[in-house]
Asks: 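Here it is: the structure, laid out below.
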Amino acid sequence: MKYWVIRGRPDVNGDFSILKRRTTTYWRTKSPPSTWEIGDRMFFWASVPRLELLGIGEFRGETDEFTANGELIYAVRCLSSVVSRPIHQSELKQDRIVQAAVFLKKGPAQSVVRLTSHEGDHLYRLLLSRNPELSGIWPDLEAVTAEVPDIDVSAIEGERRLVQHMKIERNPKLAEAKKRQVLNATGRLECEACGFDFSEVYGELGENFCEVHHRRPLSSLNGRTKTRLSDLAIVCSNCHRMLHRNNCEISVAQLKQRISTIGNDART
C-alpha cells in the first residue's frame, strides 16, 4: 500500500465539488505511475489559487479509456468530501515532516505525485486533527497522534514565527466509539449541554458530526489512564470551547444549567 497526491486545478474540477464521500470519481493523467496498485491511499490537492490539501480517497484502478490529449483515465473512490478545514501550503511548508514532499516543490506539474509512507501517515493525522469527521477512515493510523499536532503561525510586530505545541495524547478511537454508542441509542448526536444537532442545521454536511468532550481535564490525569465511554460527552463546538475555558472548571451538567438559566431569564 502506497500514498499518492492527486493535484488538480479548482477551475477545471469545479472547485472539487465532485468529491462526495462513498462515490467514485474519474481523473486523468499523462504519466500514470507504474507502481500504483488498487487500494493505494490518495490525497486530493487543489492547486492555484487554493493551494490546499482538502480530501482523501482510494485508488480503484486504471480504465481502458483516454482523453483526446492522450491522458489515461483512472478511478478513485472518495473516502471524504472536501474537508471543512483544509491545510494550506504555507502550513505544510513549515512542517518538518512534509515540507520536503515532492508535491510541494516547484517543477513540472505532475498530476499524480508519490509520498513516502511517513509523509502519508503524517498528512492523514494532520487532517484528522482538525477534521474529526475523518475518524475511522484509516483506523490503523489513529492510535498515534501527529508528531506536530498543532502548528500555528503567529505574527508579532510583523515577525512571523512557527509555534509548536506539545499535546497529551488522546485516543481518537474512544471518541468514535462514543459517537457510535450514542447514535445506536438515540439515532442522533445532540449536544448534552445545549441540545444543538449539526445534522438539523447543516443537513448532509453535518451528518454524524459532533465533538467529544473528556469530562476529566487533562491536568488531572497522571500518565497513562483508563478512559471509559461514560467519561466522555457529546457536545457542539461552542459548548466545547466554553467547557475548556478557565482550565475546565465547569462540568457539562453545570454548563447545561447555565444555558437553561440564561434562556429562562431571556423569556421573562
Asks: Is there side-chain contact between Y74 and P32, with heavy atoms separated by less than 4.5 Å?
Replies: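 In short, these two side chains do not touch, never coming nearer than 4.5 Å.
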
Asks: So, taking the atom named CD in E192 and the one named CD1 in I234, what distance separates them when rounded to the nearest 0.5 Å?
Replies: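 It is 6.5 Å, given to the nearest 0.5 Å.
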
Asks: Please indicate whether R114 has more than 12 foreign heavy atoms, meaning atoms of other residues, nucleotides or ligands, lying under 6.0 Å from its CZ.
Replies: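 Counting neighbours around CZ of R114, more than 12 heavy atoms of other residues, nucleotides or ligands fall under 6.0 Å, so yes.
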
Asks: Rounded at 0.5 Å granularity, tell me how far CD in E211 sits from SG in C236.
Replies: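 Going from CD on E211 over to SG on C236, the span is 8.0 Å.
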
Asks: Are Q94 and S90 close enough that a side-chain donor and a side-chain acceptor fall under 3.5 Å?
Replies: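 Checked: Q94/S90 side chains show no N/O donor-acceptor pair below 3.5 Å.
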
Asks: Taking R21 first and then E207, would you say they form a salt bridge - that is, a charged N and a carboxylate O separated by under 4.0 Å?
Replies: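 Salt bridge between R21 and E207, a charged N being under 4.0 Å from a carboxylate O: no.
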
Asks: Any chance NZ of K2 has more than 12 other-residue heavy atoms, nucleotides or ligands included, within less than 6.0 Å?
Replies: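 Buried by this count: over 12 neighbours within 6.0 Å.
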
Asks: Considering residues, nucleotides and ligands other than R28, do more than 12 of their heavy atoms fall under 6.0 Å from its CZ?
Replies: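 No, because the 6.0 Å sphere around CZ of R28 holds 12 heavy atoms or fewer from other groups.
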
Asks: To the nearest 0.5 Å, how far apart are CG in D121 and OG1 in T116?
Replies: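 It comes to 8.0 Å.
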
Asks: Answer yes when D140 and R41 have at least one side-chain N-carboxylate O distance shorter than 4.0 Å, and no when they do not.
Replies: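 Yes, this pair counts.
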
Asks: I'd like to check P132 versus V212 (side-chain heavy atoms, cut-off strictly below 4.5 Å). Are they in contact?
Replies: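 Side chain of P132 against side chain of V212, heavy atoms only: no contact under 4.5 Å found.
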
Asks: Would you give the length of the straight line joining atom SG of C210 to atom CG of L183, rounded to the nearest 0.5 angstrom?
Replies: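 The CG atom of L183 is 7.5 Å from SG of C210, to the nearest 0.5 Å.
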
Asks: To the nearest 0.5 Å, how far apart are CD1 in I6 and OG1 in T29?
Replies: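 Nearest 0.5 Å value for the CD1-OG1 distance: 9.5 Å.
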
Asks: Between CG of L54 and CZ of F16, what distance do you get to the nearest 0.5 Å?
Replies: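 It is 5.5 Å, given to the nearest 0.5 Å.
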
Asks: What class does the angle between the rings of F103 and W45 fall in, given that below 30° is parallel, 30 to 60° is tilted and above 60° is perpendicular?
Replies: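 Plane angle over 60°, so perpendicular.
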
Asks: Regarding W27 and T25, do their side chains bring together a donor and an acceptor under 3.5 Å, going by distance alone?
Replies: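 Note: W27 and T25 side chains meet the donor-acceptor criterion.
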
Asks: So does F66 have more than 12 non-hydrogen atoms from other groups sitting under 6.0 Å from CZ?
Replies: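 Count over threshold, so yes.
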
Asks: Should C191 and V235 count as side-chain neighbours, where that means a heavy-atom distance under 4.5 Å?
Replies: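 Of all side-chain heavy-atom pairs linking V235 with C191, at least one is under 4.5 Å.
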
Asks: Looking only at the side chains, is there a donor atom on one of E62 and W36 sitting less than 3.5 Å from an acceptor on the other?
Replies: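 Indeed, the side chains of E62 and W36 share at least one donor-acceptor pair under 3.5 Å.
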
Asks: Parallel, tilted or perpendicular for H122 and H118, by the 30°/60° rule?
Replies: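 If you compare the ring of H122 with that of H118, the planes turn out tilted.
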
Asks: If we only count heavy atoms from C-beta on, is the H88 to L51 side-chain gap below 4.5 Å?
Replies: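 Touching, per the 4.5 Å side-chain cut-off.
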
Asks: Kindly check if the number of other-residue, nucleotide or ligand heavy atoms within 6.0 Å of CG (N238) is above 12?
Replies: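 For N238, atom CG is not crowded (no more than 12 foreign heavy atoms under 6.0 Å).
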
Asks: How would you list, by chain and number, every residue that makes a salt bridge (Lys or Arg N to Asp or Glu O under 4.0 Å) with E133, sequence neighbours excluded?
Replies: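 Partners of E133 under the salt bridge (Lys or Arg N to Asp or Glu O under 4.0 Å) test: none.
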
